[in-house]
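Per chain, numbering begins at 1; letters A, B, ... match sequence-line order.
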Number of protein chains: 2
Amino acid sequence: MLLEERLNEILCILEQKRTVTVQELTEILNASESTIRRDLTVLHRKGLLVKVHGGATVIGINYSTKDDDVATRQDLNRDEKIHIARYAAELVQANDFVYIDAGTTTELLIDFLTEKKAIFVTNGINHAKKLVQRGFTCYLLGGELKLSTEAVIGSEAIFNLQKYNFTKGFWGTNGVSLQRGFSTPDINEAMTKKESMKQTKEHYILCDSSKFNQISPVSFALFTEATIITTNVQDEQYKKLKNVKEV
Amino acid sequence: MLLEERLNEILCILEQKRTVTVQELTEILNASESTIRRDLTVLHRKGLLVKVHGGATVIGINYSTKDDDVATRQDLNRDEKIHIARYAAELVQANDFVYIDAGTTTELLIDFLTEKKAIFVTNGINHAKKLVQRGFTCYLLGGELKLSTEAVIGSEAIFNLQKYNFTKGFWGTNGVSLQRGFSTPDINEAMTKKESMKQTKEHYILCDSSKFNQISPVSFALFTEATIITTNVQDEQYKKLKNVKEV
DNA sequence: TCAAATTTGCTCAAATTAAATCACAAAAAT
DNA sequence: ATTTTTGTGATTTAATTTGAGCAAATTTGA
């Protein structure tokens, strides 16, 4: 295994797990402790991760005692999100033309994609970068870039969407409700989601359990218009619905 | 097997696998280690892959252990580039509609921009991010994202360019020559530069002194078609020309 | 707080890989 | 026909990477 390959792997693993121990890495990568330590040192020096006693964490994670609750909570949903993302990734098949909406949940999806014959379009610049780095063919949607979400949204984005005919698409959401469907706080974001869904045949909403019965200011689709991929559904009334896929 | 054929094959294999070892290539291509090594060196020099210990990786995944060299190289002409970028930034006025081409020299330009009333379009995703973070209105060009340059290039990018009418535009270049004009190694990149220049009224090429009398494989503009912003010109024959602005 | 357990950074030797050199054959130019 | 150029493979030498061992530093648990 190439040194670079290993470094890359470490970053991928870290991206998913947020933290990793030296021990885990020696097993996964089949290398000695010395090697892993050296690798971590290199990546640490390059500012691509943070070395901590016993392993490494992604940059920016804050494990101070006060934030313990927040960190734990984030990690909790993270496992859910990984589950959801992994399942969703399997839905992508050869020759699919896939739209991936900007957002943290859909970003995870990219880590689990395997079908190199599919073509992807996204409005998230980080998503695009990640897709290309993983070797997928990826088109970036043109239009105005908004800082808050690092996504391309707005009227030009909507215009540019109109030429595409996607076979499948994946979206995140801030709220899910039977009455109000899927909703998000920003109107431009909502309009972009709406237009991209219009151009897509099969709609998948990735959504962890915390989003159910939440309503954000602007709705972008009816509840029945998409298949919801989720996990750990609490509310019984959602369990029975055929467009709710619990994984 | 022909040399060209082998080089091509290596690039194809790399495109799929992202990384490859010398050992693997000797087996797949049925050639000796020496040959494979030579091939990799050629492709590395051409900038089509990155040689690493034990094999090669695609461009863009750069976790190379010796970033010292890269950092040094980038810093080499940094003072020159800063000079050039600062001057170029002053050219942008209120109500300008500005195109900024992807590339390291143009990225520096963004740091010195002040005119918030101008609107920017770029094909570089890092450029776009930086612009938005600095509070400018920025549109990202739609199209296929290439890993090597982190830029949007190709036919769709060219199509999307056609609707714009820029007042000013800034480009980088790999080579400047009186006979061959401005040139760059990649054809898609060249075509995108060419099209964006077509849609722009005033053309500025940012270029440090090392680029003079260099010729890259594909030309994207005649020498007379743009104003060159540069510094420290060695060659006397360029000094007199009125479209060479030495700062 | 202190001792035990774990983790770290270091050196060194072994293994692997890179680069340089030489030899040879085929193709191209003279 | 002969010289030059180009491509290939083998060999040797230099450089890099790797894994193990060990003392020092850190963390853990009583």
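Distance CZ (B/Arg6) to P (D/dG9): 7 Å, rounded to an integer number of Å. For the pair A/Met1 CE and C/dA15 P, the interatomic distance rounds to 22 Å; values are reported in whole Å. Counting to the nearest Å, the C1' atom of D/dT6 and the CD atom of B/Glu4 are 13 Å from each other. In this structure, CG of A/Leu3 is placed 16 Å from P of C/dT16, rounded to the nearest angstrom. Distance CG (A/Leu2) to P (C/dT17): 9 Å, rounded to an integer number of Å. Nucleotide C/dT7 holds its P atom 12 Å from the CD atom of A/Glu24, rounded to whole Å. We find that CG of A/Leu29 is positioned 11 Å from P of D/dT18, with the value rounded to whole Å. One interatomic measurement links the two molecules: CD1 of B/Ile36 to P of D/dA10, which rounds to 13 Å at whole-angstrom precision.
Rotation axes derived from the C1' atoms of the five outermost pairs at either end of the helix from C/dT1-D/dA30 to C/dT30-D/dA1 lie 40° apart, to the nearest 10°.
Residue A/Thr35 places none of its side-chain N or O atoms closer than 4.0 Å to OP1 or OP2 of D/dT18.
Nearest nucleotide to the A/Glu33 side chain, out of D/dG9, D/dG19, C/dT8: C/dT8.
Side-chain contact check for A/Glu4 and B/Thr19: no donor-acceptor pair (N or O, by modelled atom type) lies under 3.5 Å. Between the side chains of B/Lys146 and B/Asn123, not a single donor N or O lies within less than 3.5 Å of an accepting N or O.
Among residues at least two apart or in separate chains, salt bridge (charged side-chain N to carboxylate O under 4.0 Å, His left out) pairs with a member in residues 209-223 of chain B are B/Asp208-B/Lys211. Pairs passing the ring-ring contact (aromatic ring centres under 6.0 Å, His included) check and including a residue from residues 104-133 of chain A, sequence neighbours excluded, read A/Phe120-A/Phe136. Counting only residues at least two apart or in different chains, ring-ring contact (aromatic ring centres under 6.0 Å, His included) contacts with residues 13-46 of chain B are absent.
Classification of A/Asp111 and A/Arg134 as a salt-bridged pair fails, no side-chain N sitting under 4.0 Å from a carboxylate O. B/Lys17 and B/Glu24 are joined by a salt bridge, as a carboxylate oxygen and a charged side-chain nitrogen come within less than 4.0 angstrom of each other.
Below 30°, between 30° and 60°, or above 60°: for B/Tyr99 and B/Trp171 the angle between ring planes is between 30° and 60°, a tilted geometry.
A 4.5 Å side-chain heavy-atom check between B/Val244 and B/Phe223 finds at least one atom pair inside the cut-off. Side-chain contact between A/Leu131 and A/Leu113 is present, with heavy atoms from C-beta onward closer than 4.5 Å.
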Would you list the protein and nucleotides 23-26 of chain D atom pairs, both N or O, that sit under 3.5 Å from each other?
none

Got a list of protein N/O to nucleotides 9-14 of chain C N/O distances below 3.5 Å?
from  : atom 1 : to      : atom 2 : distance (Å)
C/dG9 : OP2    : A/Lys51 : NZ     : 3.0

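Atom CG of residue B/Leu178 and atom CZ of residue B/Phe212 lie 9.0 Å apart, to the nearest 0.5 angstrom.
At a threshold of 4.0 angstrom between heavy atoms, the contacts of A/Val52 are confined to the sugar-phosphate backbone, with no base atom among them.
Mapping A/Asp39 and B/Asp39 onto DNA chain D by nearest heavy atom places B/Asp39 closer to the 5' end of the strand.
Within a 6.0 Å sphere centred on NZ of A/Lys117, heavy atoms belonging to other residues, nucleotides or ligands number 12 at most.
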